Amino acid sequence: MSGDRQGLLQLEGLTKAFGGLLAVSRVSFDVAEGEILGLLGPNGSGKTTLLNLVAGALRADEGRVRLAGRDITSLPARTFQLVRPLSKLSALDNVLVARLYGRDAPGFTAARRESLQLLDVVGIRGKADAPAAHLTLMERKRVEIARALATQPRVLLLDEPLAGLNPTEVDAALNIFRRIRDSGITVVLVEHNVRAVRALCHRIIVLNYGQNVVQGAPDDVLARPEVIEAYLGKASADFQ
Amino acid sequence: MTILLQNAVFGLLIGGLYGLGAVGLSLVFGVLAVLNVAHGELIMLGGYVSVWLFTLWRVDPFVSVLAAGPLLFLGGAALFRLLFTRLASYSEEVRIKNSILIGFGLALVLQTLAILAWGADERAVTPSYAGRVAAIGNVVVPLSRLGAMALAFLVLGGLHLFLTRTRAGTALRATADDDQAATLVGIPIGRIYLTAFALGSALAGVAGALVSVSDAISPAIGLGWTLKALIVIVLGGMGNIFGTFVAGLFLGVAESMSGFLLGNAYREVVGLVMFLIVLSVRPRGLFSR
């Protein structure tokens with residue numbers, strides 16, 4: 001599917017071993033600009049390791065990562081998995097500071113206006129002046145997403161952003177992500193929640209034992225026997 | 001009653017300067033975790049800027065503020081580069097302890113240099129309006145002190161706008177909150193440290209020039225101002241500009257009242273007693289949330 005377009009983010013034969021354990025083994029794929037790519041796989045299948053390799057938090061043993069054609073494999077960390085909120089600052093200031101020191105930062109007034117819009121996108125405009133320490137977990141996640149967007153990343157890497165949320169909150173979060181998707185940003189999403197992945201992603205890739213098992217449109221991939229096998233075991237795949 | 005009110009007014013007027021003197025120290029401590037005990041000496045230097053400009057060219061002390069601020073900004077930046085930069089890589093606790101040592105050394109050096117340069121005598125600025133007062137009922141308000149207080153309030157308002165309405169100010173607050181998280185956002189905290197220290201010094205310079213409007217300047221005034229600033233910061237709570245200002249007013253009034261009611265010898269004691277009580281009962285400060 002992505003063969004006809006030059007990918008914004010390109011992975012070539014990425015491999016990472018921890019001791020004798022091959023966590024990621026020769027994984028290659030492209031992410032097109034504006035695409036939302038879902039990474040699925042059972043626990044221990046190497047999703048988070050792969051994300052860390054892309055983010056530069058881990059060094060790959062082999063393989064290349066390219067962003068817009070430029071080799072970024074061995075550059076220092078580009079994103080941080082753990083967003084650390086500034087707890088005494090207000091929600092707005094948290095987003096504002098990220099906007100002011102992000103890519104293509106505008107002047108203060110414009111940055112403030114954009115930050116308020118981002119708080120609107122994630123649905124907590126009403127809490128703009130509340131200190132981050134006073135927000136609930138869900139609200140803090142929203143601030144984190146707004147902060148991530150405020151830095152105007154070329155690619156947004158999200159590692160299980162829906163973890164720990166109840167079904168109502170998942171629905172609310174899905175609405176936020178739909179708006180992010182519609183804004184045209186490129187996203188690589190690691191997520192266990194199959195419903196969320198189906199609703200959001202243009203394409204998904206399933207990893208198992210650190211290898212790229214299958215990729216394609218969400219509905220096709222999720223119906224494939226080898227995917228069901230990877231998730232539920234062989235017997236259930238036969239049963240299907 | 002009138003005398004009480006009169007004392008309260010004097011207390012308020014001097015208290016505004018206590019607040020301004022403390023804000024710079026509070027800013028530096030909040031952002032860098034550096035306790036610059038030579039802050040009072042920087043106030044002293046600001047006072048001498050005003051004294052000299054007046055002695056040489058009859059420059060009005062309120063105008064000298066415009067020189068004392070920028071001069072101490074540059075001086076503060078140089079001092080930071082020279083003495084405090086290398087502290088930045090240490091943990092907060094080590095930083096605070098060592099900064100106190102460095103600060104004491106710096107205070108001694110600055111005091112001695114001031115004595116060498118200008119002698120140990122007190123020097124005063126005597127503008128034409130020095131003794132003028134406005135009378136409200138039976139209460140007398142010295143105009144020069146009222147002007148100093150108004151300007152102190154304006155400067156603090158400007159500082160508030162800087163911290164909440166500019167890029168650098170926002171970064172300063174983020175760094176004060178959590179310097180590691182600030183680094184993650186991409187804030188160059190080395191530069192923010194430098195800015196905070198220089199800005200804190202500039203505020204000391206402005207405070208010093210305003211002190212010279214109504215009080216004599218001598219090389220020895222520094223320690224007293226550092227102590228007042230520490231008391232005010234403890235009363236007002238960290239990182240709260242207007243809390244600090246109100247605490248300054250509070251200390252000013254408390255000193256002047258107790259000086260009147262208990263005798264002048266007890267002026268200073270009251271501040272220190274309040275300092276100890278607040279530290280043991282409400283260490284976050286009277287005005288912090």
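Treat the numbers as computed from the prediction; the structure is a model and nothing was measured. In the text below, chain A, chain B and the rest are named by the order of the sequence lines, each starting its count at 1.
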Check your understanding: Should we say atom CZ of A:R178 is surrounded by more than 12 heavy atoms from elsewhere, each under 6.0 Å from it?
Key -> yes
Review point. Would you say B:F162 has more than 12 foreign heavy atoms packed within less than 6.0 Å of its CZ?
Key: yes
Review point. Counting N and O atoms only, with roles assigned by atom type, does the side chain of B:R167 sit under 3.5 Å from a partner on the main chain of A:L100, one being a donor and the other an acceptor?
Key: yes
Review point. When you look at CD of B:E92, are more than 12 heavy atoms from neighbouring residues, nucleotides or ligands closer to it than 6.0 Å?
Key: no
Check your understanding: Hey, which of B:G186, B:A181, B:A171, B:A176 has the most heavy atom pairs under 4.5 Å with chain A?
Key -> B:A181
Review point. Checking side chain to side chain contact (heavy atoms under 4.5 Å, CB included) for the pair A:R112/B:R165: CA distance, chi angles, key distance, verdict?
Key: CA-CA 9 Å; A:R112 200 182 137 88; B:R165 292 278 180 273; 3.8 Å; yes
**Study point:** chain B contact via A:Y101 - side chain, backbone, both or neither, heavy atoms under 4.5 Å
**Key:** both
Check your understanding: Counting heavy atoms not belonging to A:F108, are there more than 12 under 6.0 Å from its CZ?
Key -> yes
**Study point:** Neighbour count >12 (heavy atoms, 6.0 Å) for atom OH, B:Y90
**Key:** no
Practice item. Search all heavy atoms of A:V97 against all heavy atoms of B:A174 and return the closest pair with its distance. Key: CG2-CB, 3.9 Å
Point to revise | Inter-residue atom distance B:R173.CZ - A:L89.CG, 0.5 Å rounding | key: 5.0 Å
Check your understanding: Is there a donor-acceptor contact under 3.5 Å from the side chain of B:D178 to the main chain of A:S87?
Key -> no
**Study point:** Side chain, backbone, both or neither of B:T170 within contact of chain A (heavy atoms, under 4.5 Å)
**Key:** both
